[in-house]
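Protein chains get the first letters and strands the later ones, always in sequence-line order, with residue 1 at the start of each.
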Amino acid sequence: MVDQRRVFPLNQYTAAAGPVLYVMAREQRVKDNWALIAALERANERKVPMIVLFALAPMFNHGSARHNDWMVASLQEVATDLAALQIPFFMMMGDWVEVVTSFVRNHAVGEVVCDFNPLEPVRTWREKAAQSVSVAMSMVDARNIVPCWEASDKAEFAAYTFRPRVTKKIKEFLTSYPTVSVPDVLFTGEVPTIDWEAVRSFRKCDYTEPVPHRLVPGSKAGLAVLAEFIASRLEGYATRRNDPTEFGVSDLSPYLRWGNISATTVAREVEAAQAPRIDKDAFLEELIVRRELADNYCYYVRNHATVSGAHAWAQKTIAEHASDARQYSYTYEEFAHGKTHDDLWNAAQLQMVTEGKMHGFLRMYWAKKILEWTPDAQTAIDIALRLNDHYQLDGRDSNGVTGVMWSIAGVHDRAWNERPIFGKIRYMNYAGCKRKFDVALFVRRYSTVSDTTLF
DNA sequence: ATCGGCTCGCGCAA
DNA sequence: TGCGCGAAGCCGAT
């Protein structure tokens, strides 16, 4: 049974007689998905069929070919897994609100369930659709272990104010998932065969750019990465994760980003594993507190990608240093191609371009240098997010937004001592990186990446 | 190698 | 009202 605190009503209508529709968006998985489970429970209760719809809108934000490929592969697996449960899967392309609204009308849907996403444009689409249909529509937080609106009812000041709230409720929500079985009442209408080539070519993106191959998309692959992480990298995670020259990270962020795997599943398996407490705690802190804090920020601060979303002290210090002289200034293209004067920065950028994933520690250094080498903080946020959202497989999600805002605008951070350009925003530099890891070794790994083969 | 100061404000103890 | 301490640091003193 789905905890009803996970379910958030989006309009005041009541459920009508027709089938229950789950509009899948952020959570691209069949296993361990509370939104899908909620829809199925309601269908079985009311003795009506259940339908899953994916409304594919034209490419938005700064998405790229690598995102398109990951998404299509994920959805093909979803189609297979739904077929095994005899649940119909509709794949429709066009304007999101129009597709959902007309689908509800054409199939005489009695109730709509969505999954939760705090980001634009999906958020506004969801709100518009809820007003356009005339049946009950709700969203289910199938992403966060503690539902976003249950963890806190406001934008949290920092991790230390958010942590106790999550800790207090984690036991109630870190529960096991029921096994999903074939619905009581089967859908008897017509379900069009999905033309996957048409799906793949619907979103316009540049396929001359490289598509990283190291990670395999989808739920099965994600669970395999999880098993491998627990078996070979969880022990020692606390000390190795911040060294970019080591392979000490989980590699799970793209799978969590696309909803291929559930954070609850990950947390339960890590908790059950045989590994030192210090390593489990370090991983769970990132998986739960910091990841869910990112959704908290994006959900409660609607202008989350602008300087106006930052703390008052941060806005003040950014304004005071707006006209500080910048020693270096680069364009988006110079950043994208890794053409700065800083070999570590360039190597981090090329890691992101070639592998679709920049090491977590370097993401902070990388973003802070963009603040240092652009005319103003808002330009830095725009460029950092555009690069993040184009090249990172886990881009276009709340973690990327919050990470960039932490680095450039002090979101969830404290004030530090005054210096040029940064003001009181925490500063990071090359010397600090050299103190922590072998910078030269990291730089050497990406020194052979050729510009002509990449762009 | 290690320590304290930098600097702001939340949240809790009192 | 006072006080401890924080999303992963830097820097200079010892």
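- At whole-Å resolution of the value, CZ in A:F162 and C1' in C:dC5 are 19 Å apart.
- Checked against a 6.0 Å centroid threshold, the rings of A:F361 and A:W366 do not count as neighbours.
- Closest to the side chain of A:W406, from the set C:dA7, C:dA8, C:dG9, is C:dA7.
- Separating the P atom of C:dG6 from that of B:dC3 is a span of 16 Å, rounded to the nearest Å.
- Not less than 6.0 angstrom separates the ring centroid of A:Y365 from the ring centroid of A:W345.
- Distance noted for atom P between B:dA14 and C:dC5: 14 Å (whole Å).
- Partner of A:V52 under the side chain to side chain contact (heavy atoms under 4.5 Å, CB included) criterion, chosen from A:L82, A:L40, A:V78: A:L82.
- Closest contact between the side chain of A:A415 and the listed nucleotides C:dG9, C:dC11, B:dT7 involves B:dT7.
- Of the inter-residue distances, the one linking A:Q349 atom CD with A:L387 atom CG reads 5.0 Å to the nearest 0.5 angstrom.
- Here B:dC8 is the nucleotide among B:dC8, C:dA7, C:dA8 with the atom lying nearest to any side-chain atom of A:K424.
- No contact: A:R363 has no heavy atom under 4.0 Å from any strand.
- A:R241 comes within 4.0 angstrom of nothing in the nucleic acid, heavy atoms only.
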Quiz prompt | Structure string for DNA chain C in dot-bracket form, Watson-Crick and G-U at under 3.5 Å, | interchain | solution = ||||||..||||||
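- For DNA chain B, the neighbouring residues in residues 282-317 of chain A, judged by any heavy atom under 4.0 Å, are A:W313.
- The aromatic rings of A:H341 and A:Y330 lie parallel to each other, their planes meeting at an angle below 30°, with 60° marking the opposite boundary.
- Remark: the A:T379 side chain and the A:D382 side chain contain no N/O donor-acceptor pair separated by less than 3.5 Å.
- Minimum atom distance to the side chain of A:E156 is reached by B:dG11, of the listed B:dG11, B:dC8, C:dA7.
- A:Y365 contributes no side-chain N or O that forms a donor-acceptor pair with the base of C:dG9 under 3.5 Å.
- Counting any heavy atom pair closer than 4.0 Å across all strands shown, A:M364 reaches a base atom.
- Among C:dA7, B:dG11, C:dC11, the nucleotide with an atom closest to any side-chain atom of A:R426 is C:dA7.
- Only the C1' atoms considered, C:dA7 is 23 Å distant from B:dT2, to the nearest whole Å.
- Aromatic ring pairs are classed by plane angle as parallel below 30°, tilted from 30° to 60° and perpendicular above 60°; the pair A:Y328 and A:W373 is perpendicular.
- Rounded to the nearest Å, the gap between the P atom of C:dC10 and that of B:dG9 is 23 Å.
- Of the candidates B:dT7, C:dA8, B:dG11, B:dG11 carries the atom nearest the A:T161 side chain, counting heavy atoms from C-beta on.
- The distance between atom CG of A:N417 and atom C1' of B:dT7, rounded to the nearest whole Å, is 8 Å.
- With values rounded to the nearest 0.5 angstrom, A:K168 atom NZ is found 15.5 Å from A:R163 atom CZ.
- Side-chain contact, A:Y299 with A:D141: no donor N or O sits under 3.5 Å from an acceptor N or O.
- With ring centers used as reference points, A:H412 lies 6.0 Å or more from A:F157.
- Here A:Y427 lies in heavy-atom contact (under 4.0 Å) with sugar-phosphate atoms only.
- Comparing C:dG9 with B:dC10, their P atoms sit 24 Å apart, to the nearest whole Å.
- Checking B:dT7, B:dG11, B:dG9 against every side-chain atom of A:F157, the shortest atom distance belongs to B:dG9.
- Distance check on atom P: C:dT1 versus B:dT7 gives 25 Å, rounded to whole Å.
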